Amino acid sequence: MEERFSDQIRLEPPSRYEAWDTVTAGPDRSLSDLLRSGIPTDSDVLVVAQDDRLLTAPAAEVGPDRTVATLRAGTGPFALDQLGGLLAALEKTDPTTLDVAGTALGDAVAGAGGLVLEEALTGAVAKMTFTAPTWSRTDTGTFRTGTAQSAFAGLRSLDLTGAGTSVTGQIAVKGWSVVRTREPDTAACQELFEKLSGLFHYPLVLTVEDGSVTEMKATETGSASAATALTQLFATDPGQAKVTGLEFGLNPAVPQLPFNSESNAVGTGKAAASVHLVLGALPQTGFEVVLDCATSSLSVLGGDAPLAGAGTAPTAQGPRRRMNRVSSASCGCH
(Lines give C-alpha, C1' and ligand atoms only; values in the text may rest on other atoms or scores of the structure.)
Protein backbone atom coordinates (compact mmCIF):
# COMPACT_ATOMS: atom_id res chain seq x y z
CA MET A 1 0.00 0.00 0.00
CA GLU A 2 1.25 3.46 -0.88
CA GLU A 3 2.35 5.32 2.22
CA ARG A 4 -0.19 8.13 1.81
CA PHE A 5 -3.01 5.63 2.42
CA SER A 6 -1.46 3.57 5.22
CA ASP A 7 -3.07 5.58 8.05
CA GLN A 8 -6.43 5.90 6.32
CA ILE A 9 -7.31 2.38 5.18
CA ARG A 10 -7.43 -0.83 7.14
CA LEU A 11 -7.82 -4.18 5.39
CA GLU A 12 -9.52 -7.00 7.29
CA PRO A 13 -7.42 -10.19 7.64
CA PRO A 14 -8.44 -12.46 4.74
CA SER A 15 -9.76 -15.87 5.83
CA ARG A 16 -8.40 -17.80 2.84
CA TYR A 17 -4.71 -17.29 3.74
CA GLU A 18 -2.64 -18.83 6.53
CA ALA A 19 -0.41 -15.76 6.68
CA TRP A 20 -0.71 -12.22 5.37
CA ASP A 21 0.97 -8.87 5.80
CA THR A 22 0.69 -5.21 4.79
CA VAL A 23 3.73 -3.62 3.16
CA THR A 24 3.94 0.17 3.05
CA ALA A 25 5.62 1.73 0.01
CA GLY A 26 7.52 4.92 0.75
CA PRO A 27 8.22 7.74 -1.70
CA ASP A 28 10.19 6.90 -4.87
CA ARG A 29 9.67 3.16 -4.44
CA SER A 30 8.57 1.04 -7.39
CA LEU A 31 6.62 -2.20 -7.50
CA SER A 32 9.75 -3.96 -8.72
CA ASP A 33 11.61 -2.70 -5.63
CA LEU A 34 8.93 -4.07 -3.33
CA LEU A 35 8.73 -7.46 -5.03
CA ARG A 36 12.49 -7.85 -4.53
CA SER A 37 12.29 -6.88 -0.84
CA GLY A 38 11.19 -10.15 0.69
CA ILE A 39 7.63 -10.62 -0.57
CA PRO A 40 7.28 -14.41 -1.03
CA THR A 41 7.66 -15.55 -4.62
CA ASP A 42 4.49 -17.66 -4.45
CA SER A 43 2.24 -15.05 -2.78
CA ASP A 44 -0.88 -13.20 -3.90
CA VAL A 45 -0.27 -9.44 -3.86
CA LEU A 46 -2.85 -6.62 -3.94
CA VAL A 47 -1.33 -3.18 -4.61
CA VAL A 48 -3.27 -0.04 -3.64
CA ALA A 49 -1.55 3.07 -4.99
CA GLN A 50 -1.77 6.31 -6.92
CA ASP A 51 1.82 6.35 -8.19
CA ASP A 52 2.21 4.60 -11.56
CA ARG A 53 5.57 3.18 -10.49
CA LEU A 54 3.71 0.99 -8.00
CA LEU A 55 1.10 -0.19 -10.49
CA THR A 56 3.24 -2.06 -12.99
CA ALA A 57 6.25 -4.36 -13.04
CA PRO A 58 7.92 -6.58 -15.65
CA ALA A 59 6.89 -10.23 -15.70
CA ALA A 60 10.43 -11.20 -14.71
CA GLU A 61 10.04 -9.26 -11.46
CA VAL A 62 6.62 -10.74 -10.73
CA GLY A 63 7.89 -14.28 -11.22
CA PRO A 64 6.05 -17.36 -12.51
CA ASP A 65 4.31 -18.28 -9.23
CA ARG A 66 3.24 -14.90 -7.87
CA THR A 67 -0.12 -13.19 -8.55
CA VAL A 68 -0.13 -9.38 -8.54
CA ALA A 69 -3.31 -7.29 -8.79
CA THR A 70 -2.96 -3.50 -8.86
CA LEU A 71 -5.71 -1.07 -7.82
CA ARG A 72 -5.28 2.57 -8.88
CA ALA A 73 -6.47 5.13 -6.32
CA GLY A 74 -7.94 8.43 -7.44
CA THR A 75 -7.13 12.03 -6.56
CA GLY A 76 -9.04 14.95 -5.07
CA PRO A 77 -11.08 15.50 -1.90
CA PHE A 78 -13.16 12.34 -2.33
CA ALA A 79 -10.27 10.01 -3.16
CA LEU A 80 -10.61 7.98 0.05
CA ASP A 81 -14.36 7.52 -0.36
CA GLN A 82 -13.83 6.44 -3.95
CA LEU A 83 -11.08 4.04 -2.96
CA GLY A 84 -13.35 2.49 -0.34
CA GLY A 85 -15.95 1.93 -3.05
CA LEU A 86 -13.39 0.33 -5.35
CA LEU A 87 -12.18 -2.04 -2.63
CA ALA A 88 -15.77 -3.03 -1.84
CA ALA A 89 -16.41 -3.67 -5.54
CA LEU A 90 -13.31 -5.82 -5.74
CA GLU A 91 -14.63 -7.93 -2.87
CA LYS A 92 -18.02 -8.36 -4.58
CA THR A 93 -16.63 -9.34 -7.98
CA ASP A 94 -17.52 -12.88 -9.05
CA PRO A 95 -14.87 -14.23 -11.49
CA THR A 96 -17.09 -17.13 -12.60
CA THR A 97 -19.93 -14.83 -13.63
CA LEU A 98 -17.49 -12.61 -15.54
CA ASP A 99 -16.02 -15.61 -17.30
CA VAL A 100 -19.49 -16.70 -18.47
CA ALA A 101 -20.31 -13.18 -19.69
CA GLY A 102 -16.97 -12.90 -21.51
CA THR A 103 -17.42 -16.25 -23.22
CA ALA A 104 -20.94 -15.36 -24.35
CA LEU A 105 -19.71 -12.06 -25.82
CA GLY A 106 -16.82 -13.78 -27.58
CA ASP A 107 -19.13 -16.43 -29.07
CA ALA A 108 -21.56 -13.79 -30.35
CA VAL A 109 -18.80 -11.78 -32.05
CA ALA A 110 -16.99 -14.84 -33.43
CA GLY A 111 -19.42 -15.53 -36.24
CA ALA A 112 -20.61 -11.99 -36.82
CA GLY A 113 -18.31 -10.73 -39.58
CA GLY A 114 -18.90 -7.22 -38.29
CA LEU A 115 -20.56 -4.97 -35.74
CA VAL A 116 -22.83 -1.90 -35.84
CA LEU A 117 -22.71 0.87 -33.22
CA GLU A 118 -25.78 3.14 -33.18
CA GLU A 119 -26.90 6.12 -31.11
CA ALA A 120 -30.54 7.18 -31.39
CA LEU A 121 -30.37 10.79 -30.17
CA THR A 122 -27.68 11.96 -32.62
CA GLY A 123 -28.39 9.36 -35.29
CA ALA A 124 -24.73 8.30 -35.29
CA VAL A 125 -24.10 4.93 -36.97
CA ALA A 126 -20.75 3.20 -37.50
CA LYS A 127 -19.82 -0.18 -38.93
CA MET A 128 -16.83 -2.33 -37.97
CA THR A 129 -16.12 -5.25 -40.29
CA PHE A 130 -13.47 -7.96 -39.98
CA THR A 131 -12.61 -11.34 -41.42
CA ALA A 132 -12.05 -12.84 -37.98
CA PRO A 133 -12.27 -11.06 -34.59
CA THR A 134 -9.05 -10.73 -32.59
CA TRP A 135 -9.25 -10.25 -28.84
CA SER A 136 -6.22 -8.39 -27.48
CA ARG A 137 -7.30 -8.59 -23.82
CA THR A 138 -9.58 -11.02 -22.00
CA ASP A 139 -9.48 -10.22 -18.28
CA THR A 140 -12.72 -11.97 -17.37
CA GLY A 141 -11.74 -14.82 -15.07
CA THR A 142 -9.51 -15.17 -12.04
CA PHE A 143 -6.19 -13.32 -11.80
CA ARG A 144 -3.27 -15.12 -13.46
CA THR A 145 0.17 -15.77 -12.06
CA GLY A 146 3.27 -14.29 -13.68
CA THR A 147 2.01 -10.79 -14.49
CA ALA A 148 0.84 -7.58 -12.83
CA GLN A 149 -2.83 -7.11 -13.72
CA SER A 150 -5.33 -4.32 -13.14
CA ALA A 151 -7.31 -5.34 -10.07
CA PHE A 152 -10.70 -5.30 -11.74
CA ALA A 153 -11.46 -8.32 -13.86
CA GLY A 154 -14.23 -7.97 -16.41
CA LEU A 155 -12.68 -6.32 -19.48
CA ARG A 156 -12.48 -7.65 -23.03
CA SER A 157 -10.69 -5.73 -25.80
CA LEU A 158 -11.44 -6.28 -29.50
CA ASP A 159 -8.55 -5.34 -31.79
CA LEU A 160 -9.63 -3.25 -34.80
CA THR A 161 -6.23 -2.81 -36.45
CA GLY A 162 -5.75 -6.18 -38.15
CA ALA A 163 -5.75 -7.01 -41.84
CA GLY A 164 -9.23 -7.05 -43.34
CA THR A 165 -10.64 -4.78 -40.61
CA SER A 166 -12.62 -1.65 -41.49
CA VAL A 167 -14.15 1.06 -39.26
CA THR A 168 -16.31 3.71 -40.93
CA GLY A 169 -19.19 5.96 -39.87
CA GLN A 170 -20.09 8.18 -36.94
CA ILE A 171 -19.70 7.31 -33.27
CA ALA A 172 -21.24 9.17 -30.34
CA VAL A 173 -19.03 9.10 -27.24
CA LYS A 174 -20.41 10.00 -23.81
CA GLY A 175 -19.39 9.09 -20.28
CA TRP A 176 -16.23 8.90 -18.16
CA SER A 177 -13.03 8.24 -20.07
CA VAL A 178 -9.83 6.38 -19.30
CA VAL A 179 -6.48 7.82 -20.42
CA ARG A 180 -3.51 5.43 -20.30
CA THR A 181 0.18 6.16 -20.69
CA ARG A 182 3.49 4.42 -20.09
CA GLU A 183 5.33 7.62 -19.25
CA PRO A 184 6.60 7.85 -15.64
CA ASP A 185 5.23 11.41 -15.36
CA THR A 186 1.44 11.10 -15.57
CA ALA A 187 0.60 14.81 -15.23
CA ALA A 188 -0.20 15.15 -18.95
CA CYS A 189 -2.34 12.02 -18.73
CA GLN A 190 -4.39 13.49 -15.89
CA GLU A 191 -4.68 16.83 -17.69
CA LEU A 192 -6.11 15.15 -20.79
CA PHE A 193 -8.59 13.17 -18.67
CA GLU A 194 -9.83 16.40 -17.07
CA LYS A 195 -10.29 18.03 -20.49
CA LEU A 196 -12.42 15.06 -21.55
CA SER A 197 -14.55 15.14 -18.39
CA GLY A 198 -17.28 17.19 -20.09
CA LEU A 199 -18.20 14.05 -22.02
CA PHE A 200 -19.88 12.72 -18.89
CA HIS A 201 -22.64 15.29 -19.44
CA TYR A 202 -22.66 15.85 -23.20
CA PRO A 203 -21.99 13.62 -26.22
CA LEU A 204 -19.40 14.22 -28.91
CA VAL A 205 -19.91 12.73 -32.37
CA LEU A 206 -16.79 11.45 -34.11
CA THR A 207 -16.70 10.85 -37.86
CA VAL A 208 -14.44 7.91 -38.70
CA GLU A 209 -13.11 7.22 -42.18
CA ASP A 210 -10.77 4.32 -42.96
CA GLY A 211 -10.26 3.69 -39.26
CA SER A 212 -9.30 7.24 -38.23
CA VAL A 213 -11.23 10.17 -36.76
CA THR A 214 -11.54 12.91 -39.39
CA GLU A 215 -14.21 15.23 -37.94
CA MET A 216 -15.97 15.96 -34.64
CA LYS A 217 -19.28 17.59 -33.76
CA ALA A 218 -19.87 18.91 -30.26
CA THR A 219 -23.38 19.37 -28.86
CA GLU A 220 -22.56 21.65 -25.91
CA THR A 221 -19.66 23.61 -24.41
CA GLY A 222 -18.54 20.60 -22.35
CA SER A 223 -18.13 18.35 -25.36
CA ALA A 224 -16.60 21.24 -27.37
CA SER A 225 -13.78 21.40 -24.82
CA ALA A 226 -13.24 17.67 -25.25
CA ALA A 227 -13.22 18.08 -29.03
CA THR A 228 -10.60 20.81 -28.75
CA ALA A 229 -8.41 18.59 -26.55
CA LEU A 230 -8.67 15.69 -28.98
CA THR A 231 -7.96 17.95 -31.96
CA GLN A 232 -4.77 19.16 -30.29
CA LEU A 233 -3.81 15.58 -29.49
CA PHE A 234 -4.37 14.45 -33.08
CA ALA A 235 -2.31 17.38 -34.39
CA THR A 236 0.60 16.35 -32.17
CA ASP A 237 0.44 12.72 -33.30
CA PRO A 238 -1.93 11.61 -36.11
CA GLY A 239 -1.68 8.07 -34.76
CA GLN A 240 -3.79 9.19 -31.79
CA ALA A 241 -6.76 9.62 -34.15
CA LYS A 242 -6.67 5.97 -35.17
CA VAL A 243 -9.44 3.71 -33.89
CA THR A 244 -7.55 0.73 -32.51
CA GLY A 245 -10.24 -1.21 -30.71
CA LEU A 246 -13.45 -1.62 -28.78
CA GLU A 247 -13.43 -2.42 -25.08
CA PHE A 248 -16.27 -4.11 -23.25
CA GLY A 249 -16.93 -3.68 -19.54
CA LEU A 250 -18.57 -6.74 -18.01
CA ASN A 251 -18.29 -6.16 -14.25
CA PRO A 252 -21.55 -4.93 -12.65
CA ALA A 253 -19.92 -4.57 -9.23
CA VAL A 254 -17.47 -1.89 -10.37
CA PRO A 255 -18.55 1.78 -10.25
CA GLN A 256 -17.70 4.27 -12.96
CA LEU A 257 -16.09 7.23 -11.21
CA PRO A 258 -15.02 10.82 -11.98
CA PHE A 259 -11.30 10.13 -12.02
CA ASN A 260 -8.88 8.40 -14.35
CA SER A 261 -9.54 4.82 -13.30
CA GLU A 262 -9.71 1.48 -15.13
CA SER A 263 -13.03 1.02 -13.34
CA ASN A 264 -14.57 3.35 -15.96
CA ALA A 265 -13.79 0.81 -18.68
CA VAL A 266 -14.48 -2.35 -16.65
CA GLY A 267 -17.81 -1.34 -15.09
CA THR A 268 -21.06 -2.05 -16.92
CA GLY A 269 -22.67 1.26 -15.95
CA LYS A 270 -26.42 1.08 -16.48
CA ALA A 271 -26.09 -1.59 -19.18
CA ALA A 272 -25.55 -5.33 -19.02
CA ALA A 273 -22.24 -4.67 -20.80
CA SER A 274 -20.61 -1.32 -21.55
CA VAL A 275 -18.82 -0.51 -24.83
CA HIS A 276 -15.92 1.92 -25.30
CA LEU A 277 -13.98 3.26 -28.29
CA VAL A 278 -10.17 3.09 -28.10
CA LEU A 279 -7.99 5.70 -29.84
CA GLY A 280 -4.24 5.23 -30.15
CA ALA A 281 -2.19 2.27 -28.94
CA LEU A 282 0.64 2.05 -26.44
CA PRO A 283 3.59 2.26 -26.90
CA GLN A 284 3.23 3.49 -30.49
CA THR A 285 1.39 6.59 -29.25
CA GLY A 286 1.92 8.60 -26.10
CA PHE A 287 -1.62 7.92 -24.87
CA GLU A 288 -4.32 5.33 -25.25
CA VAL A 289 -7.68 7.08 -24.91
CA VAL A 290 -10.75 5.00 -24.01
CA LEU A 291 -14.02 6.83 -24.68
CA ASP A 292 -17.30 5.54 -23.27
CA CYS A 293 -20.21 5.06 -25.67
CA ALA A 294 -22.79 5.01 -22.87
CA THR A 295 -25.76 6.09 -24.99
CA SER A 296 -24.95 3.85 -27.98
CA SER A 297 -25.96 0.25 -28.67
CA LEU A 298 -23.77 -2.37 -30.31
CA SER A 299 -25.15 -5.27 -32.34
CA VAL A 300 -23.79 -7.75 -34.86
CA LEU A 301 -23.95 -6.78 -38.52
CA GLY A 302 -27.38 -7.71 -39.82
CA GLY A 303 -28.75 -8.45 -36.34
CA ASP A 304 -31.17 -6.66 -34.03
CA ALA A 305 -30.37 -7.93 -30.54
CA PRO A 306 -27.90 -5.59 -28.77
CA LEU A 307 -24.69 -7.14 -27.43
CA ALA A 308 -23.50 -4.16 -25.38
CA GLY A 309 -24.30 -0.57 -24.60
CA ALA A 310 -27.53 1.27 -23.87
CA GLY A 311 -29.72 -1.32 -25.56
CA THR A 312 -28.76 -3.92 -22.97
CA ALA A 313 -29.88 -1.81 -19.99
CA PRO A 314 -32.71 -3.41 -17.97
CA THR A 315 -34.93 -0.38 -18.66
CA ALA A 316 -34.31 -0.42 -22.43
CA GLN A 317 -37.65 -1.06 -24.11
CA GLY A 318 -38.87 -1.22 -27.67
CA PRO A 319 -36.91 -0.84 -30.92
CA ARG A 320 -34.09 1.64 -31.22
CA ARG A 321 -34.95 4.82 -33.12
CA ARG A 322 -32.95 6.15 -36.03
CA MET A 323 -32.72 9.90 -36.43
CA ASN A 324 -31.01 12.12 -38.96
CA ARG A 325 -27.29 11.47 -38.98
CA VAL A 326 -24.83 14.23 -38.22
CA SER A 327 -23.30 15.20 -41.54
CA SER A 328 -20.87 17.99 -40.70
CA ALA A 329 -18.67 19.34 -37.95
CA SER A 330 -19.72 22.54 -36.20
CA CYS A 331 -16.83 23.23 -33.84
CA GLY A 332 -13.94 23.64 -36.26
CA CYS A 333 -12.39 20.35 -35.12
CA HIS A 334 -11.42 19.02 -38.54
Side-chain angles (χ1 to χ4, degrees), residues 1-11 14 17 19-76 79-80 82-87 89-91 93 136-137 139 142-155 157 177-194 254 257 259-266 280-290:
M1 183 179 298
E2 195 169 356
E3 189 174 51
R4 72 184 78 188
F5 301 117
S6 60
D7 294 333
Q8 306 293 330
I9 294 177
R10 180 173 59 86
L11 300 179
Y17 298 105
W20 73 285
D21 195 8
T22 300
V23 178
T24 300
D28 301 322
R29 299 296 300 277
S30 70
L31 180 54
S32 293
D33 294 336
L34 296 175
L35 293 176
R36 296 191 211 107
S37 65
I39 295 177
T41 58
D42 60 349
S43 59
D44 292 344
V45 181
L46 172 64
V47 181
V48 179
Q50 205 175 79
D51 191 332
D52 270 32
R53 290 171 295 184
L54 293 168
L55 296 171
T56 184
E61 298 288 358
V62 175
D65 301 317
R66 189 156 44 195
T67 302
V68 177
T70 62
L71 181 64
R72 181 189 298 276
T75 58
L80 287 175
Q82 294 165 344
L83 182 55
L86 293 176
L87 288 168
L90 183 61
E91 187 176 18
T93 295
S136 57
R137 182 173 173 181
D139 295 344
T142 55
F143 293 115
R144 301 184 301 275
T145 58
T147 184
Q149 296 174 259
S150 175
F152 288 116
L155 186 71
S157 301
S177 306
V178 180
V179 182
R180 301 171 181 144
T181 185
R182 291 188 179 176
E183 296 298 323
D185 183 359
T186 60
C189 186
Q190 179 62 27
E191 181 182 358
L192 178 56
F193 170 80
E194 292 172 359
V254 176
L257 297 169
F259 63 90
N260 194 23
S261 168
E262 287 295 325
S263 65
N264 292 337
V266 175
L282 300 174
Q284 290 84 1
T285 55
F287 302 101
E288 190 170 84
V289 181
V290 183

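Computed from a prediction, not measured in an experiment: that's the story for all the values here. Heads up: numbering here begins at 1 and tracks the sequence. Hydrogens, waters and symmetry mates are skipped; everything else that's a heavy atom, side chains included, is used.
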Indicate the atoms forming the closest heavy-atom contact of [X] with [Y], along with that distance.
| X | Y | value |
| --- | --- | --- |
| V254 | S263 | CG1-CB, 3.3 Å |
| R137 | S150 | NH2-CB, 3.8 Å |
| A265 | L155 | O-CD1, 3.6 Å |
| L282 | E288 | N-OE2, 3.6 Å |
| S6 | M1 | CA-SD, 3.8 Å |
| A57 | V62 | O-CG2, 4.2 Å |

Can you tell me which residue among T147, D42, D44, V45 is in a side chain to side chain contact (heavy atoms under 4.5 Å, CB included) with R66?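 Answer after filtering T147, D42, D44, V45: V45.
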task: Among V47, T56, L55, find the one that has a side chain to side chain contact (heavy atoms under 4.5 Å, CB included) with V68.
output: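 One option only clears the test, and that one is V47.
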- Query: Are the side chain of T70 and the backbone of Q149 linked by a donor-acceptor contact shorter than 3.5 Å?
  - Reply: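 The answer is yes, because a donor-acceptor pair under 3.5 Å joins these two groups.
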**OP:** Measure from the side-chain N and O atoms of E2 to the backbone N and O of D51, and report whether any donor-acceptor pair falls under 3.5 Å.
**Re:**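 Present.
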Item to complete: Before accepting this row, confirm whether a basic side-chain N of the pair R180/E262 lies closer than 4.0 Å to the acidic partner's carboxylate O.
Response: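 Salt bridge: yes.
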Does some side-chain heavy atom of [Y] sit less than 4.5 Å from a side-chain heavy atom of [X]?
| X | Y | value |
| --- | --- | --- |
| F5 | Q50 | yes |
| L86 | L90 | no |
| V48 | L87 | yes |
| N260 | Q190 | yes |

Going by distance alone, is a donor N or O of one side chain under 3.5 Å from an acceptor N or O of the other, for S261 and N264?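 Result is no, nothing qualifies.
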- request: Give, for atom OG1 of T67 and atom CG of L46, the distance between the pair rounded to the nearest 0.5 Å.
  value: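 Reported value, rounded in 0.5 Å steps: 11.5 Å.
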Item to complete: Find the distance between CZ (R53) and CG (L34) and round it off to the nearest 0.5 Å.
Response: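 The CG atom of L34 is 11.0 Å from CZ of R53, to the nearest 0.5 Å.
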Take D33 and D28 through the test side-chain contact (heavy atoms from CB on, under 4.5 Å) and record every step on the way to the result.
CA-CA 10 Å; D33 294 336; D28 301 322; over 6 Å; no
